[in-house]
**Q** 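Structure below; questions to follow.
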There are 2 protein chains.
Amino acid sequence: MEHTRWLDEDEQQTWRAFLAAQRLVSDKVERRLQAAAGMPQAYYEILARLSEAPDRTLRMSVLAESALSSRSRVSHAVARMEESGWIVRRSCPTDRRGQLAELTDEGLRVLEAAVPDHVESVREAVFDGLTRDQQAALREAMEAIVAHLSERPGWPVTGDSGPDGPDAARAS
Amino acid sequence: MEHTRWLDEDEQQTWRAFLAAQRLVSDKVERRLQAAAGMPQAYYEILARLSEAPDRTLRMSVLAESALSSRSRVSHAVARMEESGWIVRRSCPTDRRGQLAELTDEGLRVLEAAVPDHVESVREAVFDGLTRDQQAALREAMEAIVAHLSERPGWPVTGDSGPDGPDAARAS
DNA sequence: TAGTACAAGATGAACGCTCAACCATTCCGG
DNA sequence: CCGGAATGGTTGAGCGTTCATCTTGTACTA
């Protein structure tokens, strides 16, 4: 690493707008979801993915990936939601390491009760402020970023620093 | 509230892309800042605002607003950074309720040491994935969202639920 | 000049997330 | 078929954020 590729004026403004929009939107959405349904966005995401899955069941690792969460996060979250009775865990028949997370009826009810207000808050936070063209452009840009970040992302996408420490036994 | 204004297919995809890009970008940037400088993004933001202010000094509330943080967050964060010797707090001469936060020389050094790698990570996460046109469009959309969210935002922008609880003594 | 409303900050508990370990199981090369 | 590496998932400590509350100080109004 030698010299920094600084941001020009335009890029600075773009980055600031990105940051601001990001914070404003997720604050608003998160806060409202918390108030209305008593759960953070990450939990909602998990419940949503499960509800779309066959048998409302997913392996923990698949769940983590599809909800863009680290394994650790999902593990904690599912444990918590199991206590609430929204999810049950069973061990996977074909791979004895694996765990299956299944959405319970109760969990589905809670999710469905949360959806309408959540959707409304997303609309207010994002779409009510955009023209149709702006929305299309936003989508294109976001998808480009995601695509760029999903190929060879420096170190793994999901984080979680690997099974052992940063460099354990990895020599030779 | 009667019927929900659901998201159509296009809006769904836009929202998912927004969420994904948001998570991917802030994960990457946050993680790298933490690794390289040992501070979260929110702290960086605070230090950055202070460094741009006259006398590297800002009132807590102004600092909170300009860093898009809640008062409470800034209070905790500044307390922590004061222990690290990056910031000092003085009471405000003109308003004895107020506190002034000033960036120390040490704090400025730490910030400046953190900047280059942070900027690089932002470039990699965002700008390397976008054409110039996409970047301009992204900026426009983000600014539209921010503008929309900054006027009459339902309840106050910064959060923090007000001086007293949700409805304390407020009756008649 | 009270008295009441409001603003600025601080604070502690609750909570979710991350990081670094750790155990169990499966995969794979010799 | 054995032994090391990789995979799947969990766990606990540490930390930052939020929420509700409190204290102190200012502003407004009667």
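Proteins get letters first, then strands, A, B, ... in listed order; numbering begins at 1 in each. Predicted model only: the values in this text are computed from it and were never measured. Any value given below was found using the heavy atoms of this structure, including those in side chains, with hydrogens, waters and symmetry copies removed.
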**Q** For A/Leu100 and D/dG9, give me the distance from atom CG to atom C1', rounded to whole Å.
**A**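 For the pair A/Leu100 CG and D/dG9 C1', the rounded distance is 12 Å.
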
**Q** Within a 6.0 Å radius of atom CG on A/Asp8, are there more than 12 heavy atoms belonging to other residues, nucleotides or ligands?
**A**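 Correct, the count exceeds 12.
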
**Q** Quick check on D/dT7: is either OP1 or OP2 less than 4.0 Å from any side-chain nitrogen or oxygen of A/Ser61?
**A**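 So the side chain of A/Ser61 is outside the cut-off, no N or O lying under 4.0 Å from OP1 or OP2 of D/dT7.
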
**Q** Which pairs would a plain distance check flag for residues 40-50 of chain A, meaning a side-chain donor or acceptor within less than 3.5 Å of a matching protein atom at least two apart in sequence or in another chain?
**A**
from: A/Glu45; atom 1: OE2; to: A/Arg49; atom 2: NH2; distance (Å): 3.2
from: A/Arg49; atom 1: NE; to: A/Ser66; atom 2: O; distance (Å): 3.4

**Q** Provide, to the nearest angstrom, the distance between the CD atom belonging to B/Glu65 and the C1' atom belonging to C/dG9.
**A**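 Whole-Å distance recorded here is 15 Å.
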
**Q** If you measure from the Lys or Arg side-chain nitrogens to the Asp or Glu carboxylate oxygens, is any gap between A/Arg109 and A/Glu106 under 4.0 Å?
**A**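 Salt bridge between A/Arg109 and A/Glu106, a charged N being under 4.0 Å from a carboxylate O: yes.
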
**Q** Which side-chain N or O atoms in residues 75-82 of chain A pair as donor and acceptor under 3.5 Å with protein atoms at least two apart or in another chain?
**A**
from: A/Glu82; atom 1: OE1; to: A/Arg89; atom 2: NE; distance (Å): 3.1
from: A/Glu82; atom 1: OE1; to: A/Arg89; atom 2: NH2; distance (Å): 2.9
from: A/Glu82; atom 1: OE2; to: A/Arg89; atom 2: N; distance (Å): 3.0

**Q** Round to the nearest Å and state the distance from B/Arg73 atom CZ to D/dC15 atom P.
**A**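 From B/Arg73 CZ to D/dC15 P: 18 Å.
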
**Q** Quick one: on DNA chain D, does A/Arg59 or A/Gln34 contact a more 5' nucleotide (nearest heavy atom)?
**A**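 So the residue in question is A/Arg59.
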
**Q** In whole Å, I'd like the distance from the CZ atom of B/Arg71 to the P atom of D/dC19.
**A**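 To the nearest whole Å, that distance equals 15 Å.
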
**Q** Flag the pair B/Arg23 and B/Asp27 as a salt bridge only when some basic side-chain nitrogen lies within less than 4.0 angstrom of an acidic carboxylate oxygen.
**A**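 B/Asp27 and B/Arg23: not salt-bridged.
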
**Q** Taking only residues two or more places apart in sequence, or in another chain, which ones meet A/Asp117 in a side-chain contact (heavy atoms from CB on, under 4.5 Å)?
**A**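 Per chain and number, A/Asp117 pairs via side-chain contact (heavy atoms from CB on, under 4.5 Å) with A/Arg32, A/Ala36.
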
**Q** Taking the side chain of B/Ser72 as heavy atoms from C-beta outward, which of C/dG9, C/dC19, C/dT11 is closest to it?
**A**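 Minimum distance to the B/Ser72 side chain belongs to C/dT11.
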
**Q** What is the distance from CG of B/Asp27 to C1' of C/dC19, rounded to the nearest Å?
**A**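 Checked: the CG to C1' distance equals 14 Å.
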
**Q** Quick check: are there more than 12 heavy atoms from other residues, nucleotides or ligands sitting under 6.0 Å from CZ of B/Arg132?
**A**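 Yes, enclosed.
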
**Q** Go through residues 74-99 of chain A and report each residue with a non-hydrogen atom lying under 4.0 Å from DNA chain C, sorted by number.
**A**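 Of all residues in residues 74-99 of chain A, the ones placing a heavy atom under 4.0 Å from DNA chain C are A/His76, A/Arg80, A/Asp95, A/Arg96, A/Arg97.
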
**Q** Return the value, rounded to whole Å, for the distance between atom CE of A/Met60 and atom C1' of C/dT25.
**A**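 So the two atoms are 17 Å apart, to the nearest Å.
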
**Q** Examine distances only and state if a side-chain atom of A/Ser69 and a backbone atom of A/Val74 form a donor-acceptor pair shorter than 3.5 Å.
**A**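 Between the backbone of A/Val74 and the side chain of A/Ser69 there is no qualifying donor-acceptor contact (under 3.5 Å).
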
**Q** Between C1' on C/dC19 and CZ on B/Arg32, what's the gap in Å once rounded to a whole number?
**A**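 The answer, rounded to whole Å, is 19 Å.
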
**Q** Grab the CG-C1' distance between A/Leu58 and D/dG8 for me, whole Å please.
**A**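 Between C1' of D/dG8 and CG of A/Leu58: 14 Å.
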
**Q** For DNA chain C, which residues of residues 108-116 of chain B approach it to below 4.0 angstrom with any heavy atom?
**A**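 Per residue number, the list is empty: none.
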
**Q** Only counting residues at least two apart or in another chain, list the ones meeting ring pair (Phe, Tyr, Trp, His ring centres under 6.0 Å) with A/Trp15.
**A**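 Checked A/Trp15 against ring pair (Phe, Tyr, Trp, His ring centres under 6.0 Å); matches are A/Phe18.
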
